[in-house]
Amino acid sequence: MSKHYKHRGHHVSSAIPAGERLTLEVLAIAEKAGAKAGYAVAKEELYRSIGNNNEILNEQETEELLAAAQRAGSAAALLAARKVIDKTLRSSFRSNAEPQLSADPETVATQVSPKNYEEPLAQYSPSLGNFQAPRKKVEQHVLTITRIEQLSANMVRIIGAAPDLAGFRSNSALDQYVKVYVADPELGLVPPYDIHALRHRLPREQVPRSKSYTIRWVDTALNELSIDFVVHGDPGTVGHWAAHAKPGEPLVISPARSKSSPSLDAQYYVLAADEAGLPAIAKVLEALPAQAQGVALLEVAEATSMFDVKHPEGVVLSWLPRNQDPAGRSHVIAEALRTLPLPTAPIGVIAHAERSTVKAINHITKYGNLDKRATHISSYWTLREGRLGVNLPRHSTQLF
Ligand SMILES: Cc1cc2nc3c(=O)[nH]c(=O)nc-3n(C[C@H](O)[C@H](O)[C@H](O)COP(=O)(O)OP(=O)(O)OC[C@H]3O[C@@H](n4cnc5c(N)ncnc54)[C@H](O)[C@@H]3O)c2cc1C
């Protein structure tokens, strides 16, 4: 969907003549419908691909792809609509112009110049971009960091507070997450950030970035919430910000989101996560009924990276240090999973980790006796070696 449509909506200034307004509204509707169609087709293709167990994109890649499909859909629909309107305007222009041509060809020749004859829609380029309408409210909640707790060498818990949680409302989903927005402090931007306006004003690398993070807990009595961040040391925006954040600074988050809330009544659970998925899996562990049975495979940097996580007695926590292997290149979860003795009863699998780990988990569990209602496996991040400027050695043994 084009920025113009999305943020200006159907509203078109009332100062515009009725005929032009109608044209603009038709273009806006086409643009919106095209965006929807592009989105729907891409989404269906993605689901098919996941169903066939092909490539699994992580959330950010999925969002980028769907946004591109929206843009492509809206551009195609807009082009088609412009052609139709253009044709209609030309023929109505011709039929209005013809009687005059026979009456006074010279006058008509000046009125029907090649310019205004051939480009009846030229004034609408770029479509709708010239028309100002009230912007949608910027949907961000701006809290203030009140405390920071070091959970392990590479995880910090940031606690933010605000009167009435700055309007943030929990959606109570098990995997409740938000986008955390981070801006370069040197730019002096004041949140909430009008990302779409800033995209026009600033170079791409200066526009505030946002990444998905699990809401670890919300305390409505104290008007506080917390998020656990992996401080991964790579040149990531949000991880880097979390490593250096200080009390008093803003914590800028989107409204609550959720992808799935698997049921918690399976007879046996296999839970798995690396540090990025750990907050979400910790929430599952806390929410499982006291009699739940299962195992949680938790990948961490090293033995000293473990920390307290509440869990039912029947769910065994298996901390898996990857030691010298870098995050995203370890096979500890897959190796543990392949040798895990599993009951014959249907099992629920809930797993969130780096994309290749998630692919391996999918591969290993897909032929098992899965309780699908209690299963949700999704990639939380993707190792990008190219962007690091480092070429880490590949493992010589291919496990899957
Ligand atoms: C629904 C959902 C919930 C999530 N919840 C949490 C959460 O509660 N806590 C959390 O820490 N993460 C969570 N994540 C993962 C987080 O969004 C990603 O790790 C994100 O890419 C981090 O952004 P960044 O700006 O720090 O790094 P990016 O700019 O995305 O990446 C920069 C570099 O860092 C590497 N990198 C990115 N993430 C990691 C990582 N976790 N470990 C090691 N290297 C990494 C990349 O390969 C890349 O090379 C969640 C993701 C999803 C989809």
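All residue numbers in this chain count up from 1 along the given sequence. Numbering of ligands and ligand atoms starts at 1, following listing order. Basis for what follows: all heavy atoms, side chains included, without hydrogens, waters or symmetry-related copies.
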- line: So the salt bridge (Lys or Arg N to Asp or Glu O under 4.0 Å) pairs with at least one residue in residues 152-174 (sequence neighbours excluded) are Arg157-Asp228, Asp164-Arg169

- prompt: Heavy-atom count around Glu205 CD within 6.0 Å, excluding the residue itself: above 12?
  reply: yes

query: Looking at Tyr213 versus Tyr177, is the centre-to-centre ring distance below 6.0 Å?
result: no

message: Strictly distance-based, threshold 3.5 Å: is any side-chain N or O of Lys283 a donor or acceptor partner for the main-chain N or O of Ile215?
response: yes

- prompt: Of the backbone atoms (N, CA, C, O) and the side-chain heavy atoms from C-beta on, which set of Tyr213 has a member under 4.0 Å from an atom of ligand 1: side chain, backbone, both, or neither?
  reply: both

query: If you measure from each heavy atom of Ile227 to ligand 1, is any distance below 4.0 Å?
result: no

field: Closest to atom 8 (O) of ligand 1 (judged by heavy-atom distance), picking from Leu278, Leu383, Thr214, Asp274
entry: Thr214

query: Any N/O of Asp228 closer than 3.5 Å to an N/O of ligand 1?
result: yes

task: Enumerate the atoms of ligand 1 whose separation from the nearest heavy atom of Ala327 is less than 4.0 angstrom.
output: 43 (C)

- prompt: Does one side chain, of Asp175 or Ser258, offer a donor that lies under 3.5 Å from an acceptor on the other?
  reply: yes

message: On a heavy-atom basis, I'd like to know which of His232, Gln176, His240, Arg384 is closest to atom 24 (P) of ligand 1.
response: His232

task: Would you mind listing which atoms of ligand 1 come within a distance below 4.0 Å of any non-hydrogen atom of Gly239?
output: 24 (P), 26 (O)

query: Can you find a non-hydrogen atom of Thr382 under 4.0 Å from ligand 1?
result: yes

- prompt: For Leu317, which fellow cluster members are found when Ile, Leu, Val, Met, Phe, Trp and Tyr are connected by side-chain heavy-atom distances below 4.5 angstrom, either directly or through intermediates?
  reply: Leu151, Met155, Leu174, Val230, Leu264, Tyr269, Leu271, Leu278, Ile281, Val284, Leu285, Leu288, Leu298, Val300, Met306, Phe307, Val309, Val315, Trp319, Ile350

Proximal ligand 1 atoms for Ser212, defined as those under 4.0 Å from one of its heavy atoms: 2 (C), 4 (C), 5 (N), 6 (C), 13 (C), 14 (N), 15 (C), 16 (C), 17 (O), 50 (C), 51 (C), 52 (C), 53 (C)

Aromatic contact, His376 with His352 (centres under 6.0 Å): yes

message: Within ligand 1, which atoms have a heavy atom of Phe229 less than 4.0 Å away?
response: 11 (O)

